[in-house]
Amino acid sequence: MIRTPLRPLARILDARAKGENPDAIERENIHIRHEQMRDHARQRAEGRLLILGFFFLCAFMVVGARMGMMATSEPREPRAEAPGSVIHAARADIIDRHGNLLATNFETHALYAQPPQMVDPAHAARELVAIFPDLDEKELLENFTGTRKFLWIKRKISPEQMQAVHEIGDPGLLFGARDMRLYPNGALAAHVLGGASYGKEGVNAAEVIGVAGVEKYFDDYLRDPANGQLQLSLDLTVQAAAERVLYGGMKLMNAKGATSVLMDVHTGEVVSVVSLPSFDPNRRPRPEATGDASDSPLFNRSVQGVYELGSTFKIFTAAQAMDLGLVNADTVIDTRGPLRWGKFRIRDFRNYGNEMSVSKIIVKSSNIGTARLAQQIGVERQRAFLKKLGMLEATGFEIVEAAGGKPLLPKNWSELSAMTISYGHGLSTSPMHLAAGYAAIANGGYKVQPTILKQNGPRLGERVFTERSAAEARRMLRRVVTEGTASFGEVEGYAVGGKTGTADKPRPQGGYYEDKVIATFASVFPAHDPRYVLIVTLDEPVDTTGDEPRRTAGWTAVPVAAEMIRRVAPLLGLRPGVEPAPVTDIKLTSN
């Protein structure tokens, strides 16, 4: 207990009154002050020790809690991660134009192992190989008995496989919940959807990322939880019918591959697009390291396949010549052959006579007559027109593969190039390019942008043909079916118009095969009031039903396209009707 001294002066006066020595009293006061200072210092030191002890206790509690959490948490493979990185597994659904599900998420599990906790590694390895035949028992056993503390076994397993692993009964085999991407329709629309895989992974979550098709093109959109479903322009029912017909036609015509594009001519919406051979995006195959990439089922022929599409290009030449006022449908053109240009000769499939009208050139598919039109148009005007039509650059179709479908152009666009391009040789484009070009003819002369997204109404671009030229071109296309090379393309009630194209297939080392072709039929229907464009292309077809093999598009691609129109037109809501009588004198307002 601290003593409280009297005031020094009062104490001295009091001492003198009592006869005491004042110096002794002063020394006593000094001693008392020293004791007070020592007491105060001791109290301050004790307080500091108490505070320091409290901080040490808190630190030990935090460390202990952290060690407890680490001891009870699930292990995962070490990886370099940015600070604060989080695995986002959520991914939006993809639906067709009517709301039918094309892609969604499905809850599943991953299988992993903690070898230090395993009781019988040899038994576990043997049983796992029985459940998953693609695993290697020897490799599993080496990993289970080695130094590894963590091992992925399967990134995703079915409920049945999970139960079978449970029955092994080894505590070192563990499961982690996660989402997987599910395509409920299997291979249907596989090249559009593309597929998904896992990015960053943990034992209880995995990042689902797009690897091809719209899944990759719209990856950021699909991974953002703030966005809703991604709605495509595809019609699931039409897509299913188109795939069945095209597959049957490919087999019937002995083709190695096939593709089709069905497009709305006013919006550019692709209602159906098929590329064969195909694959199941639920089990997307790995790209082949060797061989021709175009033979892979992953190859999308509709946008990645750039081909010389043959005589389907002739209608563009005729329409441009009419647009420029150089000719009209009845203008007579010199078709005497062969047409000579230097050392080169341009010939027709048959001798069509010394002269034909422009309309007849398209109906009979004369190379010489079309080349004559190209000479009148000229190199610069032809190139500018095709650029305006979108034939000289990638289509911009919203799947990642479309960017690789850039047309192959001549190095030197000479007059000879212009002549051969006029009938579909010397310039390679994709079937999607061709569909967009024919849509411009069908809708009255406006360019359209191919799209895989559902649109709310017409979406027309700049004008590339006058309305009169487009109408005349449609009349020619209708006559190709009723009088010309596409007679097998007639579908009762739907007034099909179109143009055939048979192009020799180029060799990889240069030149062309003598017995391999790319056969194409580009069609519009109904021709008098077009709603849709359909492109069908067969790779190396050959019809063997006759006495001799037949490879031309009229015998191969046209019947397949006709059957497809017959199947899908009712699904598109088109009712069979009576075609109006042909108009001989078209009077339209100019634009």
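Because the structure is a prediction, the values reported are computed rather than measured.
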[atom1] ([X]) with more than 12 external heavy atoms under 6.0 Å:
X	atom1	value
F279	CZ	yes
Y221	OH	yes
K387	NZ	no
E462	CD	yes
Q509	CD	yes
R345	CZ	yes

Are any side-chain N or O atoms of [X] and backbone N or O atoms of [Y], one a donor and one an acceptor, separated by less than 3.5 Å?
X	Y	answer
S469	F465	no
T556	P541	no
K447	G437	no
Q304	G404	no
R301	L276	yes
Q231	D96	yes
T259	V274	yes
Q449	T395	yes
T429	P407	no
T335	G353	yes

Can you tell whether the side chains of [X] and [Y] come within less than 4.0 Å, N to carboxylate O?
X	Y	result
D219	R223	yes
R181	E215	yes
D334	R336	yes
D264	R531	no
K364	E483	no
K516	D539	no
K505	E540	yes
R244	E563	no

Evaluate the side-chain proximity of [Y] to [X]: yes if any heavy-atom separation is below 4.5 Å, no if none is.
X	Y	answer
Y512	R507	no
Q382	W413	yes
I518	L538	no
S233	Q455	no
L409	L427	yes
I362	I315	yes
H191	I399	no
L262	V533	no

Side chains of [X] and [Y]: donor-acceptor distance under 3.5 Å anywhere?
X	Y	answer
S365	T485	no
Y423	E308	no
D280	N282	yes
T370	T317	no

Spacing of L389 atom CG and F316 atom CZ [to the nearest 0.5 Å]: 5.5 Å
Evaluation steps, salt bridge (Lys or Arg N to Asp or Glu O under 4.0 Å), between R551 and D543: CA-CA 6 Å; R551 297 181 173 83; D543 174 24; over 6 Å; no
Step-by-step side-chain hydrogen bond (donor to acceptor under 3.5 Å, both in side chains) determination, T545 to R550: CA-CA 9 Å; T545 59; R550 293 174 290 208; 3.2 Å; yes
Ring centre gap for Y532 and Y494 strictly below 6.0 Å: no
CA sep, side-chain torsions, deciding dist, call: H425, F313, ring pair (Phe, Tyr, Trp, His ring centres under 6.0 Å): CA-CA 9 Å; H425 288 75; F313 261 56; 9.8 Å; no
